Every structure is written in structure tokens, then in C-alpha cells.
A.B. asks: 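I'd like to ask you about the structure that follows.
The structure displayed is predicted, hence computed values, not measured ones. Heavy-atom basis, side chains included; hydrogens, waters and symmetry copies ignored.
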Amino acid sequence: QVHLVESGGGLVQPGGSLRLACQASSRFLFDHYTLAWFRQAPGKEREKVSCISTSDGTTYPADSVKGRFTISRDNAKNTMYLQMDNLTPEDPAIYYCAADIRPCPGIVAKAVDVWGQGTQVTVSA
């Protein structure tokens, strides 16, 4: 099975930073699928956080994280990252990486092709 393996979650104080990583088990998956980050907090729907286009590298951050979170890819490592800066109490959630054959605007939580296992992000003083 192809899969995505996440790391980097944890506990951070408000205003702090974390970098999440998601490594693809398949070179083909990494090269040919669109990659995105989602998050889901208790009582809320799963939310698209950011997405990065395979074709041209365009990024699509959600309004709630613009200017604070940066999505990127490292082709040599088959790894996608989410650099999260200036974390707030609105950001705690389980964060999931995702791969999908669709382009960024067409990726929705209910139809994602491949999910990572999720990693917990907690923001607390």
C-alpha cells in the first residue's frame, strides 16, 4: 500500500512554531499527486489548511492561516512540509496530510485519495 507518514506535531505555546512533515512512500505518488494539509478540531469539520500544486508550485492557503503557515515540498526527500508560525489557540487540531489526483481547487475532504495518519498539534500556555 502507498501511504503518507506524518511527523512534527506536539505541544507549543501561543506564538510558537512547529514544522510538520509528511513523507510519501511512493515516488510516483509524490511526483504525480497534488499534496495538501487538512486539520480537524473537536466538534468541527475537517478543514483544508493549505495545498500546493504539482504542476507549477502554486500554494493555496486558507484565509485563517495566510501569512502564518507555509506549505512546501522537497522532491529529493519525497516530503511535504507545513511550517506553522505564530500559532494561536485557534490552531489546535489533528493535522492530516493528503494526496489527491485532483488539482488544489478540486480537493475536498470527503474525496481525498490518500490520507496520512494525522498528527496532534496542541497550543497551550
A.B. asks: Pairs in or reaching into residues 19-28: which pass side chain to side chain donor-acceptor pair (under 3.5 Å), with residues at least two apart or in two chains?
C.D. replies: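 Every pair satisfying side chain to side chain donor-acceptor pair (under 3.5 Å) with a residue in residues 19-28: R27-D31, R27-N78.
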A.B. asks: Using a 4.5 Å cut-off on heavy atoms from C-beta on, say whether the side chain of V5 contacts that of S7.
C.D. replies: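 No; the side chains remain at least 4.5 Å from each other.
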A.B. asks: Examine the side chains of S55 and S53 and answer whether a donor and an acceptor come within less than 3.5 Å of each other.
C.D. replies: yes
A.B. asks: Please report the interatomic distance NZ(K110) to CD(E45), rounded to the nearest 0.5 Å.
C.D. replies: 11.0 Å
A.B. asks: Taking the side chain as every heavy atom from C-beta outward, state whether L82 and E6 have any pair of such atoms under 4.5 Å apart.
C.D. replies: no
A.B. asks: Minimum heavy-atom separation for V123 to P89, with atom names?
C.D. replies: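 Taking V123 first and P89 second, the nearest heavy atoms are CG1-N, 4.1 Å.
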A.B. asks: Mind checking the OG1-CG spacing from T122 to L18? Nearest 0.5 Å is all I need.
C.D. replies: 9.5 Å
A.B. asks: Each residue besides I94 in its hydrophobic cluster should be listed here, by chain and number; the cluster joins Ile, Leu, Val, Met, Phe, Trp and Tyr at side-chain heavy-atom distances under 4.5 Å.
C.D. replies: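 So far as hydrophobic clustering goes, I94 is joined with F38, Y96, I107, V112, W115.
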A.B. asks: Within a radius of less than 6.0 Å around CD of Q117, do more than 12 heavy atoms belonging to other residues, nucleotides or ligands occur?
C.D. replies: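 Counting neighbours around CD of Q117, more than 12 heavy atoms of other residues, nucleotides or ligands fall under 6.0 Å, so yes.
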A.B. asks: Should M84 and L20 count as side-chain neighbours, where that means a heavy-atom distance under 4.5 Å?
C.D. replies: yes
A.B. asks: Can you label the angle between the Y95 ring and the F69 ring as parallel, tilted or perpendicular, going by 30° and 60°?
C.D. replies: tilted
A.B. asks: Drop me the distance from D113's CG to Y33's OH, to the nearest 0.5 angstrom.
C.D. replies: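 So the gap between those two atoms works out to 5.5 Å.
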A.B. asks: Are any side-chain N or O atoms of T79 and backbone N or O atoms of D74, one a donor and one an acceptor, separated by less than 3.5 Å?
C.D. replies: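 Not confirmed, T79 side chain does not pair with D74 backbone.
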A.B. asks: Name all residues meeting the salt bridge (Lys or Arg N to Asp or Glu O under 4.0 Å) criterion together with K66; count only those two or more places apart in sequence or in a different chain, and write none if there are none.
C.D. replies: D63
A.B. asks: Using only atom types and a distance under 3.5 Å, with no angle test, would you say the side chain of S64 pairs donor to acceptor with the backbone of A62?
C.D. replies: no
A.B. asks: With a 4.5 Å heavy-atom cut-off, do C22 and L4 have their side chains touching?
C.D. replies: yes
A.B. asks: Mind checking the CE-SG spacing from M80 to C97? Nearest 0.5 Å is all I need.
C.D. replies: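 Going from CE on M80 over to SG on C97, the span is 5.0 Å.
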A.B. asks: We want to know whether S17 and D85 form a side-chain donor-acceptor pair, criterion being a heavy-atom distance below 3.5 angstrom.
C.D. replies: yes
A.B. asks: For K48 and C104, indicate whether the former's side chain and the latter's backbone hold a donor-acceptor pair under 3.5 Å.
C.D. replies: yes
A.B. asks: Among T70, L35, T58, exactly one meets side chain to side chain contact (heavy atoms under 4.5 Å, CB included) together with I52. Which residue is that?
C.D. replies: L35
A.B. asks: Please round to the nearest 0.5 Å and tell me the distance separating atom CZ of R102 and atom CG of D100.
C.D. replies: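 Reported value, rounded in 0.5 Å steps: 4.5 Å.
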A.B. asks: Hey, does L29 have a side-chain heavy atom less than 4.5 Å from the side chain of H3?
C.D. replies: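 Sidechains of L29 and H3: no contact.
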A.B. asks: So, does R46 use its side chain to make a donor-acceptor pair with the main chain of A41 at under 3.5 Å?
C.D. replies: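 Side chain of R46 to backbone of A41, a donor-acceptor pair under 3.5 Å: no, none is there.
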A.B. asks: I need the minimum non-hydrogen distance between T88 and R68, along with the two atoms involved.
C.D. replies: CG2-NH1, 3.8 Å
A.B. asks: In Å and rounded to the nearest 0.5 Å, what is the CD1 to CD distance from I71 to Q83?
C.D. replies: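 Between I71 CD1 and Q83 CD, I get 12.5 Å after rounding to 0.5 Å.
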